[in-house]
Amino acid sequence: MVSIMGEPGSGPVRAPYSPVDQGTGMHALSAILAALLHKRNTGEGCRIDVSLFDTGIAFLGYMMQSYWEKGAEPKRFGCAHESLCPYQNFMAADKPILIGVASEPLWQRTRSQAGPYSTTKVRTTENCNPSTSP
């Protein structure tokens with residue numbers, strides 16, 4: 001996981017929290033709730049099995065799909081997204097802001113709500129080409 005986290009050109013970066021531990025805990029909670037429902041409905045108990053490894057692999061599904069499709073190891077994109085644009089940090093007047101827009105209709109709505117703020121530098125041919133995006 002750390003090999004795909006961080007800014008382009010940087011070394012591996014660890015998440016500042018424990019996503020695999022927390023995700024496995026959520027999987028365990030779902031399994032416990034399902035087991036309680038099963039017990040209520042059938043009177044039978046269940047065995048629950050959760051795995052940190054399975055959770056970690058599941059979290060990498062998008063990256064694994066990209067690898068299988070392209071045949072190349074995933075790159076680091078920092079806050080940017082490999083194929084959605086805009087979906088990255090932009091410097092505002094006082095501090096950075098993350099703008100993430102997943103479709104053309106949402107981009108049009110974003111532009112209409114920007115009011116006096118300029119969105120012209122956010123979506124350009126250069127920064128919205130997945131091959132040249134950060």
Side-chain angles (χ1 to χ4, degrees):
M1 290 181 94
V2 297
S3 71
I4 59 171
M5 295 167 58
E7 295 297 321
S10 74
V13 175
R14 175 192 175 282
Y17 63 101
S18 301
V20 175
D21 294 352
Q22 293 178 19
T24 302
M26 289 188 287
H27 290 154
L29 173 65
S30 295
I32 291 166
L33 293 174
L36 289 171
L37 285 173
H38 180 74
K39 172 76 172 170
R40 185 188 70 188
N41 293 336
T42 69
E44 298 174 355
C46 293
R47 180 176 185 272
I48 295 172
D49 181 14
V50 293
S51 160
L52 292 167
F53 180 77
D54 291 347
T55 300
I57 293 296
F59 282 172
L60 293 174
Y62 179 83
M63 294 300 183
M64 293 168 73
Q65 176 184 341
S66 178
Y67 173 77
W68 293 325
E69 180 183 316
K70 297 176 182 176
E73 290 189 27
K75 298 178 184 175
R76 290 185 190 95
F77 287 94
C79 285
H81 191 278
E82 177 182 26
S83 60
L84 300 177
C85 188
Y87 205 104
Q88 63 199 74
N89 280 331
F90 295 93
M91 192 61 193
D94 57 346
K95 57 187 168 182
I97 183 172
L98 176 70
I99 299 175
V101 182
S103 69
E104 187 62 28
L106 288 174
W107 169 246
Q108 296 305 325
R109 286 178 55 195
T110 301
R111 289 186 65 200
S112 71
Q113 296 298 312
Y117 304 103
S118 171
T119 57
T120 56
K121 290 185 179 180
V122 171
R123 194 171 197 192
T124 65
T125 303
E126 182 181 312
N127 70 15
C128 283
N129 180 344
S131 65
T132 61
S133 290

One should read off an interatomic distance between L98 CG and C79 SG, to the nearest 0.5 angstrom, of 5.5 Å
What one should report as the nearest heavy-atom pair of C46 and A35 is CB-CB, 3.9 Å
Taken in chain and number order and not counting sequence neighbours, the residues that satisfy side chain to side chain contact (heavy atoms under 4.5 Å, CB included) with M26 are none
Notebook entry, point to check: Linking I/L/V/M/F/W/Y whenever their side-chain heavy atoms sit closer than 4.5 Å, directly or via other members, would W68 and I4 fall into one cluster?
Noted result: yes
Those residues at least two apart in sequence (or on a different chain) that pass side chain to side chain contact (heavy atoms under 4.5 Å, CB included) with P96 are M91
Quick note, ring-ring contact (aromatic ring centres under 6.0 Å, His included) partners involving residues 29-62, not counting sequence neighbours, are Y62-H81
- prompt: Under 4.5 Å between side-chain heavy atoms, hopping through other hydrophobics if needed: is there a path connecting M5 to V20?
  reply: yes
Closest heavy-atom pair, P74 versus M63, reported as atoms and distance to 0.1 Å, is CB-SD, 3.7 Å
Taken to the nearest 0.5 Å, the spacing of L52 CG from I57 CD1 works out to 12.0 Å
With sequence neighbours left out, the residues meeting salt bridge (charged side-chain N to carboxylate O under 4.0 Å, His left out) with K70 are E82
- Task: Output, in order, the C-alpha distance, side-chain angles, deciding distance and verdict of side-chain contact (heavy atoms from CB on, under 4.5 Å) for L37 and L33.
- Result: CA-CA 6 Å; L37 285 173; L33 293 174; 5.8 Å; no
Do L36 and I32 have side chains that approach each other closer than 4.5 Å (heavy atoms only, starting at C-beta)? yes
Side chain to side chain contact (heavy atoms under 4.5 Å, CB included) filter on S18, not counting sequence neighbours, yields R14, D21
| query | Any chain of hydrophobic side-chain contacts (each under 4.5 Å) joining F77 to V13? | reply | no
Within one Ile-Leu-Val-Met-Phe-Trp-Tyr cluster: Y67 and V2, side-chain cutoff 4.5 Å
no
Across all chains, not counting sequence neighbours, the side chain to side chain contact (heavy atoms under 4.5 Å, CB included) partners of V50 are T24, H27, A28, I48
